[in-house]
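Contents: one structure, followed by commentary.
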Amino acid sequence: MNFPDVDWGATFEEDCIVAVESFVADERRLRPQTLNYRGTDLGSALERHIYIGLMQNVSIQYLYACALAGVSAQSQGLPSHLLAAGRRLVPALRDCILPLPQPKTMPQTVLTAVDRAMGIFGRAKATQNRPILAAVHHPKFVTYLRPITEAMPGKIAFLIAPRAAIKHHSFPLSPDELRILPRAIPHKSAASTAWPDLCRWAEELDTALARYNPACVLTVEGDAPYHELIAQRARSRGITALCLQWGAFPYRSPRNGFRRMGHNAFLAWGEGFAEQLRPYNPDIAFALVGDHVLDPRPSAKVRRLIFLLQGVNNTTIQLWHWQNFLAFIVWTAGQYPDWEVIVRPHPSLTLTGDEVLALKAHANVRIEDTANLPLRDSLKGATLAVAMTSSAILEAAADGAVPFLFNPTTAVPRFKPDFELWNAGLEVKNLSDARRRMAELLAAGDPDAPSINRFRPGLQRLVSHFFCATGTAALGKIKAQLEAAIT
């Protein structure tokens, strides 16, 4: 699709958030029976479900961009739930006829694979239950929780959906710590006709809770539909539902997934993050526990800059944003050959051959193997950390690298937290300003120059506000919250 030349990314996410909330509010007002599935309120899970669909659907993005540009476009085929919400984004969709909802069934090949997985891992009996059930859908969350499971041996089991277990067959789990989400068929109702996937998840999660009978459920991040459904079903059974923070919230306002969360408590890295979420979640408690994976190792600063790469994602970062950022790296490397320039590609967004050649044309550039080298190792000795909107900049800040945000995006007008408000770093919006401010910082050629060191007091205050603890201290706080939940 050839998108029109209009800055649609500046307003797309915010308009999606509003459209989703408007759609679900109308559904609750006009058809409340479709949001009540056997005592489970599907509203907040539905908001997450539709938000993800809108944000990832290229057809919706294209139609939205055409509408902003005043260009006519052919309506694209869309799932019924996206078409209904999309009408609030794109005027041209208002005249489209909504298709009747079609119940979805899992292909027989998938069902066979599920049965095979169930046979391999077994079905735990009630007497073998673990007190904490951690619901995850990706190996990265297992890795994130691994230090906690090691600190609480025998007390945490992982609940994996069969579809996830098949897709991500390399889950680093042993059979005795793995639980499979049981297959279930939703009961016939207005809700299951309207939202068959959500009702199937609710049924499966409720069946899993009955089978494994945990004293506590734990989710990571908290913005997926199943996070909300398991929290609701757990609380209806008197089971504590906790959510552990996974990442930062650098956008203008929390997206739908971080609003009206149904957990008992959100375990936040620090007060700064809790402040961002509290206004949108008045009914849950916030416990400050810190980030157990973050383990700052401040070191003497040397002539080293680290660039934390992202890439084009068609919503936040457009192609020209990325091209300007790459040009800034090349300019910096050429302008300051005495400074080592570390380039860390995004794990999921590799550099092209031409991009690698452009960077390696400078002898002071080192492109790192992100998959095998932890960020903390790359940060050693780094004076400045440069990114667009990556939350990895916070880990760099905790390690003592002064943040430099070259953020040309309009979807994220200002990064949160705002480093300049804290006098803890810089944020610029265009390439000429990025070059000028970098020249000011590096003019003396000294990692301890006043132009750089003036940010360090503010940086320490910011890090303390957003990370109440790190490493083993944070691990101890998380463990205490979990122990209290199962006592």
Side-chain angles (χ1 to χ4, degrees), residues 7 9-14 17 223 245-255 257-259 266 268-281 286 288 290-291 294 296 305-310 313 315-318 321 324-325 328 375 379 382-438 440-441 450-468 470:
D7 188 11
T11 52
F12 181 65
E13 181 174 33
E14 290 295 307
I17 292 171
D223 65 336
Q245 184 172 345
W246 161 261
F249 319 109
Y251 27 78
R252 276 176 281 194
S253 61
R255 57 181 179 257
F258 294 111
R259 301 181 181 199
F266 185 86
W269 289 345
E271 178 59 26
F273 295 111
E275 287 174 346
Q276 289 179 331
L277 295 185
R278 272 199 198 98
Y280 302 91
N281 297 277
F286 284 84
L288 308 183
D291 184 351
L294 183 60
L305 313 174
I306 182 167
F307 285 81
L308 306 169
L309 272 53
Q310 291 168 275
N313 61 14
T315 49
T316 303
I317 300 175
Q318 304 292 325
H321 298 148
N324 276 358
F325 192 80
F328 181 50
L375 177 55
L379 288 170
T383 297
L384 300 178
V386 189
M388 269 191 283
T389 62
S390 173
S391 60
I393 196 79
L394 289 166
E395 184 171 345
D399 205 78
V402 171
F404 187 116
L405 285 162
F406 173 26
N407 171 22
T409 73
T410 51
V412 183
R414 295 291 295 183
F415 187 88
K416 290 188 176 181
D418 190 321
F419 291 105
E420 292 197 337
L421 286 178
W422 286 82
N423 194 30
L426 294 174
E427 180 169 357
V428 296
K429 300 297 291 184
N430 59 67
L431 184 56
S432 61
D433 282 347
R435 290 172 174 171
R436 178 176 59 82
R437 299 307 297 270
M438 182 64 78
E440 292 172 358
L441 293 176
S451 59
I452 297 172
N453 279 345
R454 71 182 182 90
F455 294 111
R456 300 206 178 280
L459 187 58
Q460 290 178 355
R461 290 192 297 271
L462 180 143
V463 170
S464 297
H465 188 62
F466 283 86
F467 297 97
C468 70
T470 58

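For Asp418, the salt bridge (charged side-chain N to carboxylate O under 4.0 Å, His left out) partners are Arg414, not counting sequence neighbours. Judged as a ring-ring contact (aromatic ring centres under 6.0 Å, His included), and not counting sequence neighbours, Tyr251 has no contacts. Under the rule for a side-chain contact (heavy atoms from CB on, under 4.5 Å), the partners of Gln310 that lie at least two apart in sequence or sit in another chain are Ile317, Met388, Thr389, Ser390. Remark: Arg278 engages Glu271 in a side-chain hydrogen bond (donor to acceptor under 3.5 Å, both in side chains) (not counting sequence neighbours). Remark: Asn281 engages no residue in a side-chain hydrogen bond (donor to acceptor under 3.5 Å, both in side chains) (not counting sequence neighbours). Taking Thr315 as the reference, Trp8, Phe12, Met55, Gln61, Asn313 meet the side-chain contact (heavy atoms from CB on, under 4.5 Å) condition, with sequence neighbours excluded. In this structure, the side-chain contact (heavy atoms from CB on, under 4.5 Å) partners of Thr470, at least two apart in sequence or on a different chain, are Leu294, Pro296, Phe467. Contacts of Phe419 classified as ring-ring contact (aromatic ring centres under 6.0 Å, His included), with partners at least two apart in sequence or in another chain: Phe415. For Phe325, there are no ring-ring contact (aromatic ring centres under 6.0 Å, His included) partners two or more places apart in sequence or in a different chain. Arg435 is linked by a salt bridge (charged side-chain N to carboxylate O under 4.0 Å, His left out) to nothing, counting only residues two or more places apart in sequence or in another chain.
Remark: the backbone N or O of Trp422 is not paired with any side-chain donor or acceptor of Glu420 at under 3.5 angstrom. Side-chain atoms of Lys416 never come within 3.5 Å of backbone atoms of Ser253 as a donor-acceptor pair (strictly under, hydrogens ignored). A donor-acceptor contact shorter than 3.5 Å is absent between the side chain of Lys429 and the backbone of Phe406.
Considering Leu288, Asp291, Leu394 as possible partners of Phe273, the one that fulfils the side chain to side chain contact (heavy atoms under 4.5 Å, CB included) test is Leu394.
Shown here for Ala411 and Gly9, the closest heavy-atom pair between the two residues is CB-O, 3.2 Å. Here the closest non-hydrogen pair linking Leu277 and Pro254 is CD2-CG, 3.8 Å. When every heavy atom of Arg454 is checked against every heavy atom of Asn423, the shortest pair comes out as NH1-OD1, 3.6 Å. The two atoms that bring Val412 and Asn407 nearest to each other are O-ND2, 2.8 Å, heavy atoms only.
Residues Phe328 and Phe404 bring their aromatic ring centres within 6.0 Å.
Annotation: salt bridge (charged side-chain N to carboxylate O under 4.0 Å, His left out) contacts involving residues 385-402, sequence neighbours excluded, are absent. Sorted by first then second residue, the side chain to side chain donor-acceptor pair (under 3.5 Å) pairs that include residues 455-466, not counting sequence neighbours, are Glu275-His465, Asn453-Arg456.
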